[in-house]
Amino acid sequence: MSRFLVCPPDYFQIDYEINPWMRRANGVDSARAVGQWQTLMKVLEEEVGAGIERMQPVQGLPDLVFTANAGLVVGRRALVSRFRYPERQREEAHFERWFREQGYEVLTLDQSLYFEGAGDLLGFADTWFGGYHQRSDIRAFPRLSEIFQREIIPLELIDSRFYHLDTCFCPLSGGDLLYLPSAFDSYGQAAIAQRIPEDRRLAVPEEEGVRFACNAVCIGKQVVIPADCPLTTKLLEDRGYHTHPVQLDEFMKSGGAAKCLTLALN
Ligand code: ARG
């Protein structure tokens, strides 16, 4: 069974602005956010059959809901993130405590290296891809590669709206890749093309990329995807995936959607 760490949105709001989506003036409708989050949980648990681990929300840490940024979990080891912005650095201790309480062997990077967890490191069984420049440091990847014994292909994120790799890049089961080509420079696009054959690359149209079409959760052949992305949904269905659209626009006000709200634990 696929298991995910999540954090209920009790204190989710827009308290600061650290990406182009966040506007303090564009506040969160809390009741609506809670409803959308609960629907996401219901879809994950009941439609997709995933297991959910809920951590305790903390007042004053509005982005703790985005557990994809807690760190990276591989087997029983958890490498805790080091956030670029002080606003989110305060989350590190809470994620670390959760990992310790669950009995993970907790690893950390050098104090000088920023790394924002599964939000910036995604991949297939052997080859991982690391997004850098906006949040994580490229210098974190050689160290991560050494720790986890995987090849990591660095991909520069060139569009500030797609500041974490999981906002524009989504590896799917069976080796397919859903991605937004314009979020990468020509070097990154070539690196992707070299690793993923053309017939396995599903390019998301720009107008759905900005609706977080790539911020999807893939579990086997099931894909939980933000609502209002009909072209992407069709691309996936034509490839044999079964899609589960969920409305998550309250979370997009903070620059996140389905994938950001979950951390894969296995
Ligand atoms: N407001 C959060 C931030 O800017 C959103 C994080 C979204 N998480 C993700 N994995 N893309 O850090």
Side-chain angles (χ1 to χ4, degrees), residues 4-28 30 33 36-37 40 44 55 57-58 60-73 78-92 94-95 114-123 128-137 140 155 157-171 178-180 183-184 204 209-218 224-226 246 248-265:
F4 294 94
L5 171 65
V6 299
C7 176
D10 301 27
Y11 306 109
F12 173 61
Q13 330 180 11
I14 313 296
D15 282 348
Y16 44 79
E17 300 174 358
I18 57 170
N19 70 52
W21 306 94
M22 302 176 89
R23 289 282 161 261
R24 253 166 302 199
N26 187 25
V28 169
S30 301
Q36 292 180 351
W37 189 86
L40 175 65
L44 286 169
M55 70 180 265
V58 178
L61 296 180
D63 281 341
L64 203 65
V65 292
F66 298 113
T67 50
N69 300 123
L72 186 73
V73 174
L79 189 131
V80 189
S81 290
R82 207 167 280 295
F83 287 92
R84 180 169 296 271
Y85 292 107
E87 289 88 340
R88 294 204 67 186
Q89 284 167 1
R90 292 176 292 134
E91 297 174 32
E92 291 167 12
H94 296 274
F95 288 132
Y114 296 122
F115 172 61
E116 300 203 354
D120 268 335
L121 195 67
L122 298 165
W128 290 354
F129 293 84
Y132 71 94
H133 183 71
Q134 309 279 339
R135 297 294 183 88
S136 298
D137 282 321
L155 297 174
L157 301 174
I158 60 163
D159 182 331
S160 61
R161 294 171 301 170
F162 304 104
Y163 57 92
H164 278 137
L165 186 62
D166 68 3
T167 61
C168 51
F169 186 97
C170 179
L178 191 66
Y179 77 127
L180 179 66
F184 304 94
V204 163
V210 296
R211 292 203 285 271
F212 287 84
C214 297
N215 205 247
V217 182
C218 180
V224 181
I225 182 168
V246 179
L248 293 165
D249 55 2
E250 289 301 329
F251 296 93
M252 291 178 200
K253 292 174 177 174
S254 188
K259 168 62 172 58
C260 308
L261 292 166
T262 59
L263 176 71
L265 295 173

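We count residues from 1, following the sequence as given. Read the numbers this way: they start at 1 and go in the same order the structure lists the ligands and their atoms. Heavy-atom basis, side chains included; hydrogens, waters and symmetry copies ignored.
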Would you mind telling me which of L261, V246, D249 makes a side-chain contact (heavy atoms from CB on, under 4.5 Å) with Q36? D249
Could you tell me which residues satisfy ring-ring contact (aromatic ring centres under 6.0 Å, His included) with W37, sequence neighbours excluded, listed by chain and number? none
Keeping D137 on the side-chain end and Y114 on the backbone end, is there a donor-acceptor pair under 3.5 Å? yes
Please name all residues satisfying salt bridge (Lys or Arg N to Asp or Glu O under 4.0 Å) with E250, sequence neighbours left out, ordered by chain then number. R32, K253
Using a 4.5 Å cut-off on heavy atoms from C-beta on, say whether the side chain of D166 contacts that of F66. no
Output side-chain donor-acceptor pairs under 3.5 Å for residues 6-15, partner residues at least two apart or in another chain, one line each.
none

Atom-level proximity to ligand 1, residues with heavy atom under 4.0 Å: I18, N19, M22, D63, F66, A68, N69, R88, G119, R135, Y163, H164, D166, T167, S254, G255, C260
